[in-house]
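Below is one structure; the comments refer to it alone.
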Amino acid sequence: DMLRALRVRAGYTQLDTARRAGVRQSLLSQWENGQVMPSASAIHIVCFALGATASEAVHLTTQAATYNAPVPHDRDAVYHALREVLW
């Protein structure tokens with residue numbers, strides 16, 4: 001929902017946003033509808049294309065990282081989880 005809200009706020013269509021982010025419109029649609037979870041790097045590219053704030057990008061990245069991931073309980077697990085999000 002937030003990805004769609006950012007796009008609408010920017011005044012872009014899905015096609016405009018997809019072109020700016022370098023992805024297919026159908027993929028962007030799947031991201032917006034929750035059918036496919038974008039990678040953290042894809043989220044950052046779309047956020048940049050939409051002029052999202054840093055906190056909005058962090059929120060979206062955090063949501064992607066925790067979407068299917070269990071909560072890590074030790075330092076090494078946290079490191080590897082964060083590494084997945086950032087790289």
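For clarity, every value in this text was computed on a predicted model and none was experimentally measured.
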Checklist entry - side chain to side chain donor-acceptor pair (under 3.5 Å) with Arg19: which residues, sequence neighbours excluded? => result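 Testing Arg19 for side chain to side chain donor-acceptor pair (under 3.5 Å), a comparison that skips the adjacent residues, returns none.
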
Next on the checklist: Going by the rule side chain to side chain donor-acceptor pair (under 3.5 Å), which residues pair with Asp16 if we only count those two or more places apart in sequence or in a different chain?
Outcome noted: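 Counting only residues at least two positions away or on another chain, Asp16 forms a side chain to side chain donor-acceptor pair (under 3.5 Å) with Thr13.
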
Treat each ILVMFWY residue as a node, draw an edge where side-chain heavy atoms are under 4.5 Å apart, and state whether [X] and [Y] are in one component.
| X | Y | result |
| --- | --- | --- |
| Val23 | Leu15 | no |
| Val8 | Leu60 | no |
| Ile43 | Val36 | yes |
| Val46 | Leu27 | yes |

Salt bridge (Lys or Arg N to Asp or Glu O under 4.0 Å) partners of [range], not counting sequence neighbours, each pair once:
| range | value |
| --- | --- |
| residues 42-52 | none |
| residues 36-47 | none |
| residues 33-62 | Arg9-Glu56 |
| residues 24-47 | Arg4-Glu32, Arg7-Glu32 |

Compare every heavy atom of [Y] with every heavy atom of [X], then report the nearest pair and how far apart it is.
| X | Y | result |
| --- | --- | --- |
| Leu50 | Ala10 | O-CB, 3.9 Å |
| Trp31 | Pro38 | CE2-CB, 3.3 Å |
| Ala21 | Ala49 | N-CB, 4.2 Å |
| Ala52 | Leu6 | CB-CD1, 4.0 Å |

Item to check | Leu3 and Leu28, any side-chain heavy atoms less than 4.5 Å apart | outcome: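 They are in side-chain contact.
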
